[in-house]
2 protein chains.
Amino acid sequence: MNDHVHVDPAALTKNQALVFSALSDANGPLTAYAILDELRGDGFKAPLQVYRALEKLIEGGLVHRLESLNAFVACRHPTGCSHQWAAFAICESCGDVKEFSPDKAMDLLKDWAENDGFKLAKTTVELRGQCPACLAT
Amino acid sequence: MNDHVHVDPAALTKNQALVFSALSDANGPLTAYAILDELRGDGFKAPLQVYRALEKLIEGGLVHRLESLNAFVACRHPTGCSHQWAAFAICESCGDVKEFSPDKAMDLLKDWAENDGFKLAKTTVELRGQCPACLAT
DNA sequence: ATGGACATGTTATAGTATTACATCACTGAT
DNA sequence: ATCAGTGATGTAATACTATAACATGTCCAT
């Protein structure tokens with residue numbers, strides 16, 4: 001059903017919990033250094049503290065990295081969904097990011113990989129453009 | 001048929017031609033700074049010379065940016081194909097990158113965007129994993 | 001020849017990520 | 001209880017990626 005290892009949020013370490021909380025509270029994606037600034041009041045002093053926590057959170061499927069933004073978002077999906085195959089629509093006007101799961105498209109990409117003999121570990125799918133709200137204005 | 005503006009390679013400026021040539025000669029993706037080092041013998045001295053040329057080459061569809069690598073590849077397709085919708089399979093063992101055009105999957109992503117009212121400008125699709133050659137060893 | 005558009009040169013700086021090494025906290029085996 | 005091993009953390013330094021700002025050059029159309 002799901003080949004992804006999920007982390008019990010209650011099992012997060014202090015730093016991981018702080019980073020996850022900062023991302024969850026944010027409306028959109030945050031860069032590592034933005035997270036660092038958010039958490040200076042909690043004793044964070046160096047980027048590595050953020051990057052280390054992010055690494056674990058991403059492994060656990062609680063956070064996604066947006067490659068085209070060098071930024072990070074908390075996963076909004078309930079624990080247990082297919083985090084590995086998430087896709088993102090990124091509005092270039094307002095910065096809003098919407099996570100979705102284009103299962104059919106992902107299946108086709110998996111098929112392509114399989115037919116090519118490519119062992120797929122993860123996919124990055126990021127759509128850039130204008131969100132409906134920005135188009136309306 | 002094709003809504004992409006293509007550049008006549010003969011119309012490239014000197015710097016653009018040098019950068020394109022460096023990328024074409026390379027077996028795989030190069031970072032901007034790797035390109036800079038390649039071209040120091042040709043008088044390149046600053047990253048901006050590379051980045052400016054890359055910007056134009058990407059606009060023209062001659063070069064693609066790999067977001068998950070912060071690197072760049074020359075497009076191997078003949079001028080005229082759908083560069084905007086290219087996808088890449090990136091081998092995490094040997095670094096080899098294969099460009100492909102998963103039209104069906106891209107159509108589904110376009111459909112998703114359309115149904116959501118999202119005006120799609122470009123897509124990033126990058127598959128990470130192991131290529132057949134590396135799996136065989 | 002002059003003005004405008006665009007390509008280029010150069011320096012400095014901003015933004016993103018990792019290496020290296022020291023310390024601490026917990027757990028399990030003796 | 002002690003010790004070794006593992007993993008989390010702290011800290012400083014550095015490497016890597018990208019852009020801002022400003023000066024200069026080149027070419028073409030008027």
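Here the structure is a predicted model, which means the values were calculated and not measured. Naming convention: chains lettered A, B, ... in sequence-line order (proteins, then strands); numbering from 1 in each chain.
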Rounding to a whole Å, what distance do you find between [X]:[atom1] and [N]:[atom2]?
X	N	atom1	atom2	result
B:Tyr51	D:dT17	OH	P	7 Å
B:Gln49	D:dT19	CD	P	16 Å
A:Glu55	D:dT9	CD	C1'	14 Å

When A:Leu36 is tested against each of A:Leu48, A:Val50, A:Val19 for side chain to side chain contact (heavy atoms under 4.5 Å, CB included), which residue passes?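 Of A:Leu48, A:Val50, A:Val19, side chain to side chain contact (heavy atoms under 4.5 Å, CB included) with A:Leu36 is met by A:Val50 alone.
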
Between the side chains of A:Thr124 and B:Arg128, does any donor sit under 3.5 Å from an acceptor?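 No, no side-chain donor-acceptor contact under 3.5 Å.
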
Minimum-distance pair of heavy atoms, taken over all atoms of B:Arg76 and B:Glu99: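 Here B:Arg76 and B:Glu99 meet closest at N-OE1, 3.6 Å.
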
If you assign B:Ala46 and B:Lys14 each to the DNA chain C nucleotide with the nearest heavy atom, which residue ends up on the more 5' nucleotide?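 Nearer the 5' end of the strand: B:Lys14.
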
For A:Leu48 and B:Thr13, find the nucleotide of DNA chain C closest to each by heavy atoms; which residue's nucleotide sits nearer the 5' end? B:Thr13

Would you indicate whether [X], at its atom [atom1], is surrounded by more than 12 heavy atoms from other residues, nucleotides or ligands within a distance under 6.0 Å?
X	atom1	result
A:Asn27	CG	no
A:Glu92	CD	yes
B:Asn115	CG	yes

Specify the angle, to 10°, made by the local axes at the two ends of the helix from C:dA1-D:dT30 to C:dT30-D:dA1 when five pairs are taken at each end. 20°

Quick one: how far along DNA chain C does chain A reach, first to last nucleotide 5' to 3', anything under 4.0 Å to a heavy atom?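 In short, chain A contacts DNA chain C from C:dT16 to C:dA20.
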
Would one find a side-chain N or O of [X] under 4.0 angstrom from OP1 or OP2 of [N]?
X	N	value
B:Arg65	D:dA18	yes
A:Asn15	D:dG10	yes
B:Asn70	D:dA18	yes

Please identify each residue that fulfils side chain to side chain donor-acceptor pair (under 3.5 Å) with B:Ser93, with sequence neighbours left out.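 Partners of B:Ser93 by the side chain to side chain donor-acceptor pair (under 3.5 Å) criterion, ordered by chain and then number, come out as B:Gln130.
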
If you look only at pairs with a residue in residues 35-48 of chain A, which of them pass as a side chain to side chain donor-acceptor pair (under 3.5 Å), with sequence neighbours excluded? A:Asp37-A:Arg40

Are A:Trp85 and A:Val125 linked, directly or through other ILVMFWY residues, by side chains that come within less than 4.5 angstrom of each other?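 Same cluster: A:Trp85 reaches A:Val125 through Ile, Leu, Val, Met, Phe, Trp or Tyr contacts under 4.5 Å.
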
Within residues 27-45 of chain A, which residues have any heavy atom lying less than 4.0 Å from an atom of DNA chain C?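 Heavy-atom cutoff 4.0 Å gives A:Thr31, A:Tyr33.
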
Measure up the A:Phe100 and B:Trp112 rings against each other and bin them: parallel (under 30°), tilted (30 to 60°), perpendicular (over 60°). parallel

Run the side chain to side chain contact (heavy atoms under 4.5 Å, CB included) test against A:Ala74 and tell me which residues pass, sequence neighbours left out. A:Phe20, A:Leu23, A:Ser24

